Protein chains: 2
Amino acid sequence: MAQNCRFAFAVHVLSSLALSEDGAMNSEQLAETVNTNPVVIRRLLLDLREANLLITQRGPGGGAKLACPSSQISLAQIFKAVSGEFQLFGEHPNEPAKGCCVGRSIKLVLEDVAQKAARCVEKEYAAISLADVVHQLQEK
Amino acid sequence: MAQNCRFAFAVHVLSSLALSEDGAMNSEQLAETVNTNPVVIRRLLLDLREANLLITQRGPGGGAKLACPSSQISLAQIFKAVSGEFQLFGEHPNEPAKGCCVGRSIKLVLEDVAQKAARCVEKEYAAISLADVVHQLQEK
DNA sequence: GCTTAGGTAACTGAGTTTGTTACAAATTGA
DNA sequence: TCAATTTGTAACAAACTCAGTTACCTAAGC
């Protein structure tokens with residue numbers, strides 16, 4: 001799995017956009033709230049735009065804003081947009097010994113096991129919307 | 001989460017032990033079937049022993065063998081033994097801006113979200129035993 | 001055409017991970 | 001007691017990932 005923080009940053013960015021006054025913020029403002037570099041934010045925005053979660057605008061007064069209401073964006077969509085597929089553990093990197101029956105099939109079985117975890121998490125995250133997150137943020 | 005392959009190696013090693021004739025194999029034999037270095041295997045064995053999943057024995061004729069029947073070892077136990085807690089994505093590494101309401105609480109909310117995924121995967125993996133894996137290996 | 005802001009390439013430094021060598025410690029059996 | 005075997009462990013190397021950074025190009029608005 002990804003142990004990078006792109007998902008965390010993405011949720012932060014999208015929440016900020018959802019809560020901003022006119023719905024738009026530029027990469028410098030977003031970088032400030034996340035406490036990172038504007039380029040890191042822009043790289044993230046590209047992936048989120050690719051997934052049709054937000055719209056970017058160049059030039060003066062530009063920036064990013066949500067492409068749809070926060071209730072229509074799920075954490076599963078956000079995760080996939082910035083981290084690719086759900087992946088809980090790293091693959092078996094080596095070619096296991098063909099001789100024994102374990103080496104012959106272990107990769108297939110592990111793939112199966114990985115898919116079970118992925119489906120389970122995806123289902124869980126598909127049920128949580130950005131609006132839910134924003135709501136929790138306002139409560140705390 | 002862990003994008004390392006320790007879990008994959010661990011399942012491979014434990015399956016090999018479960019299927020071996022007298023139930024015991026040394027680190028060199030295990031390294032051969034996994035196609036890696038004996039020291040990598042030994043480091044893994046230490047964690048698995050720590051979790052009471054297997055027993056190691058030094059000296060001539062030594063090696064490792066399962067501490068209990070494969071039906072009593074779950075993938076959840078194996079995962080925790082070698083990869084620590086279930087963790088799907090990396091934490092927010094920076095201290096977010098305190099000024100805005102997002103920065104103030106985003107970490108708490110994300111922690112909540114991460115726990116939901118962790119519990120969900122743990123439940124899934126607790127239901128799969130090493131015996132199930134071995135059975136699948138023999139079928140394929 | 002000047003200014004602003006996103007798009008993008010290239011590089012750095014830190015951290016992680018597997019693999020490797022080397023050796024100490026324990027165990028067995030002669 | 002001694003020699004052989006095997007785990008335990010430290011130390012290091014090479015590859016990889018990742019966030020951060022600088023610099024510059026491109027597009028849009030005034």
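Below, chains carry the letters A, B, ... as their sequence lines are ordered, and counting in each starts from 1. None of the values given here were measured: they were computed from a predicted structure.
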Arg42(B) (side chain) and dT18(C) (base): donor-acceptor pair under 3.5 Å: no
Below 3.5 Å, does any donor atom in the side chain of Arg49(A) face an acceptor in the base of dG7(C), or the other way round?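 Checked by distance alone, the answer is no.
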Exercise: do Arg6(A) and Ser83(A) side chains pair donor with acceptor under 3.5 Å: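 No - no donor-acceptor pair under 3.5 Å links their side chains.
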Just by distance, no angles: are the side chains of Ser27(B) and Arg42(B) close enough, under 3.5 Å, to form a donor-acceptor pair?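 There is such a pair (donor and acceptor under 3.5 Å, judged by atom type) between the side chains of Ser27(B) and Arg42(B).
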Whole-Å gap separating P (dG6(C)) and CE (Met25(A)):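 Taking atom P of dG6(C) as the reference, CE of Met25(A) is at 11 Å.
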From CD of Gln57(A) over to P of dA5(C), roughly how many Å is that when rounded to an integer? 12 Å
Under 4.0 Å: is that the gap between some side-chain N or O of [X] and OP1 or OP2 of [N]?
| X | N | value |
| --- | --- | --- |
| Asn35(B) | dG19(C) | no |
| Ser27(A) | dG6(C) | yes |
| Thr56(A) | dG7(C) | yes |

Plane angle bin for Tyr125(B) and Phe79(B) - parallel if under 30°, tilted between 30 and 60°, otherwise perpendicular: perpendicular
Donor-acceptor pair, distance only, cut-off 3.5 Å: does the side chain of Asp47(B) make one with the backbone of Val82(B)? no
Would you indicate what Asn26(A) reaches in the nucleic acid, counting non-hydrogen atoms under 4.0 angstrom: base, sugar-phosphate, or nothing? sugar-phosphate
Among dT20(C), dA26(C), dG6(C), which is the nearest nucleotide to the side chain of Arg58(A)?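 Closest of the options to the side chain of Arg58(A): dG6(C).
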Select one nucleotide: of dT20(C), dA9(C), dA19(D), the one nearest the side-chain heavy atoms of Val40(B).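 The answer is dT20(C), which lies nearest to the side chain.
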Here's a test of your reading of the structure: between Val39(B) and Asn94(B), which maps to the more 5' nucleotide of DNA chain D? Val39(B)
Pro60(A) or Leu46(A): which one's nearest nucleotide on DNA chain C is closer to the 5' end?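 Final value for this comparison: Pro60(A).
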